[in-house]
Amino acid sequence: MSPEASQRFLVTCALPYANGDLHLGHLLEAVMTDIFVRFQKLRSNQVLFVCADDTHGAAIELSANKNGLSPEQMVYQVRQNHIRDYAGFDIGFDLFYTTNSEENRRYAELIYNNFKKHELIVERETEQFFCTHDNRFLPDRFIIGTCPNCKAEDQYGDVCEACGTTYEPVDLVKPRCYICGKEPLIQKSRQLYVKLDSCSSFLKEYVENAGVLQEEIRNYVRNWISQGLQEWCISRDGPYFGFKIPGTENKYFYVWLDAPVGYLSTTEKWCKENGKRIEDYWAPESNTRIIHFIGKDIVYFHALFWPLMLKNSGFKLPSSIVVHGFLSILGQKMSKSRGTFILAKEYLQKVNHPQAPEYLRFFFGTKLMPNTADIDLSPDEFISRINTTLANNFGNLHHRTMVFCERYFDNKIPDQPWDQQIAEIVEEAASEISGHYEKCEIKQVVEKIHSLGSLGNKYYQDNKPWESVKTQPDKAAAVMVTCINLIKAIAVFLKPITPGLSARVERQLSMSFSWEDYRFSLQNKALGPTEKLVKPLEKEDIENLFPAGEKKVLPQKEGLIDIETFKTCDLRIGSVISAESIQKSKKLLKLQVDLGKERRQIISGIAESYTPEQLRGQPVVVLTNLKTATLMGHKSEGMILTAQNADGSVVLIQPQKMISSGAKIA
């Protein structure tokens, strides 16, 4: 993402599903997107930031029934709650709309008609579940069972939330009706499908474009395409809350067809309300950069279905699809039963601190990178991250400088030159920070800001203005001018992450920052009242947010290893870059494995179960701290973990969800 003058962006985050309130996982993505948007606006680029509620499908109908509401009442009520919670964390949408709109219906029908026009729609008789107790065909979300791929239980009929596999409902093991719990029957039904595989060449070419996907995600998508894409069912039998398919009696668009259309319809809604042209954003010749921020669980839909929908209807394709990991709490997946499923509104209610929303934004910022590594939220690290950089570093520099000016310089910035060496360091840092923001490397931004705060505090301490003000007031004045300009620069750099904190600095300096205001420029100017910029975060502020209780330690049985022994095994996620046979060996393959920061050659005895072609691009688990060995003249720098079947064949041990290469298994 290289910066250019006066660029135009259309930026979206994934549409939250309208069957409940937002949780902190939703906020992780919204904050990442909002930071990128605020940075671009700070650079005076034209940015349209839109989102909408995903409002259709069986799950909405289920939730509405449980709450005694109609689906329309349900999605309206949830949308108001979503708007409230996003606003509580300063998420600055230009428009937050809904997919239950006439604009969305029109675009969904347009895309469907263009699929038909290009002969990509095929009608097939399928076997579908029918509940005799409830007298209805069951949409995918009305069926639960065991995933046919990873065997996770209680998964819905369209996608496994444990491993991300998509499938047909009839593929589920031990299926049952979500409504009554009874086992449904299989009956014949005719459904509409999109012939994805006939578009493989286009999709392969699209995902290979530079900047569209992170490399780790591109490898997954390549693998999906190379394995052969299945036809995509885009219809559901009524009753179904959604849009009826034109020309059919009782068929409705599957929610994943009309959900991403919300990006289009929300743009059109905003354009109509603001006198703009949607063609400036979605026409193929537009110079707008369309950027989607999504979680790693919905890559399949955004990297395959959505580009095909756009291409066949003559719309511009996304420039980038930025994929992030999940949020865990206390090292575990968010869980209602464990008390770690934290809603956005609960965070705002339970964190007893006036800067609670900004502190969560900042904490996420200390972790966010353009990869799929999961991010964990725990109380000790939360407190440490906030207090180390915001309170004890930047907050301390701001407070000591402003109080000094108030006391010794009549609350003014003195009329003295600043330290040019510090100004040049800031100039250099601005270029690096800008590059990190462009690449969504927010963690690197925070680290660079922290180093500038440390520089300022050291400069202040080394120059001892409290001593020189008595004998060399001009020297003390120069220190103040330098520190205030450094504070201004840091506040500019922080503005996309903590807009409220930077706004307080803006008020004190009587300014409204743009990006170029990082440059040293202030002299001989009155200061506004000094207020404590950052109030430290204490343990008692967040004690109600996390579940109480300590982890139980089970007694160790004879013959078992303890946790410290297990920790000596360095197990990491890798990705197979290449694989080749070894001459004169029926069992051994030579693999080149990407481990994130390094590449290893590993010799593995899996040739009787896997061909080299099957292994390329596959995620694997690697024991990295195994002693180097030489097998048939080839060096092996680790071991691939496998499991053995009763017939002697082996199966790779693989992560259930996408995760970045090099991730440590703990």
Side-chain angles (χ1 to χ4, degrees), residues 28-29 32 162-164 207 210-224 293-297 299 303 320-328 331-333 364-378 381 385 435-436 439-447 563 566-579 589-604 606 610 615-629 635-642 652-666:
L28 174 70
E29 177 173 290
M32 185 179 194
C163 69
V207 300
V212 170
L213 293 169
Q214 298 114 287
E215 189 59 30
E216 59 178 320
I217 301 299
R218 185 181 286 113
N219 286 337
Y220 276 97
V221 179
R222 282 175 183 148
N223 196 39
W224 289 333
F293 286 79
I294 63 167
K296 58 187 176 182
D297 55 330
V299 171
S320 296
I321 302 171
V322 182
V323 185
H324 62 83
F326 298 138
L327 178 69
S328 60
Q332 298 179 344
K333 181 180 178 180
F364 286 161
T366 68
K367 300 272 196 169
L368 285 167
M369 289 289 285
N371 59 42
T372 58
D374 292 345
I375 289 174
D376 188 56
L377 175 62
S378 64
E381 188 179 14
R385 296 271 185 170
H436 291 314
K439 297 173 186 173
C440 301
E441 298 169 343
I442 315 304
K443 176 184 176 183
Q444 305 284 15
V445 170
V446 173
E447 289 176 358
I563 188 63
F566 172 75
K567 285 180 178 178
T568 63
C569 298
D570 189 10
L571 296 168
R572 295 187 181 269
I573 300 297
S575 178
V576 178
I577 301 169
S578 65
L589 292 177
K590 182 165 69 173
L591 313 179
Q592 299 297 324
V593 180
D594 176 21
L595 290 168
K597 294 183 178 179
E598 62 174 320
R599 180 182 295 188
R600 294 274 189 97
Q601 176 173 290
I602 297 176
I603 309 303
S604 182
I606 57 177
Y610 291 91
L615 288 169
R616 291 178 192 127
Q618 288 288 339
V620 290
V621 176
V622 181
L623 178 61
T624 65
N625 60 339
L626 189 67
K627 287 183 178 179
T628 300
K635 184 170 70 172
S636 184
E637 304 169 300
M639 182 171 69
I640 303 288
L641 297 195
T642 62
L652 294 174
I653 304 298
Q654 296 180 306
Q656 289 187 342
K657 298 181 181 179
M658 285 183 291
I659 188 168
S660 55
S661 295
K664 185 175 175 59
I665 295 175

For [X], which residues count as a side chain to side chain donor-acceptor pair (under 3.5 Å) partner, sequence neighbours excluded?
X	value
Asn371	none
Asp297	none
Ser328	Asp376
Lys590	none

Sidechain-backbone polar pair: Asn625 side chain, Asp570 backbone, donor-acceptor under 3.5 Å |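 Yes.
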Any donor and acceptor pair, going by atom type alone, linking the side chain of Gln592 with main-chain N or O of Arg599 inside 3.5 Å?
->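 No; zero donor-acceptor contacts below 3.5 Å.
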With sequence neighbours left out, write down each residue that passes salt bridge (Lys or Arg N to Asp or Glu O under 4.0 Å) with [X], or none if nothing qualifies.
X	value
Arg218	Glu215
Lys333	none
Glu637	Lys635
Glu598	Arg600

Atom NE2 in His324, atom CG in Leu368: separation rounded to 0.5 Å?
->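 Answer rounded to 0.5 Å: 8.5 Å.
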Name all residues meeting the side chain to side chain contact (heavy atoms under 4.5 Å, CB included) criterion together with [X]; count only those two or more places apart in sequence or in a different chain, and write none if there are none.
X	value
Val446	Phe362, Thr366, Ile497
Val299	Ile217, Val221, Trp224, Ile294, Ala303, Val323, Met658
Lys367	Phe363, Ile375, Glu381, Arg385

May I ask you to test the Leu377-Leu28 pair for a side-chain heavy-atom distance under 4.5 Å?
->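 SC-SC contact between Leu377 and Leu28 ruled out.
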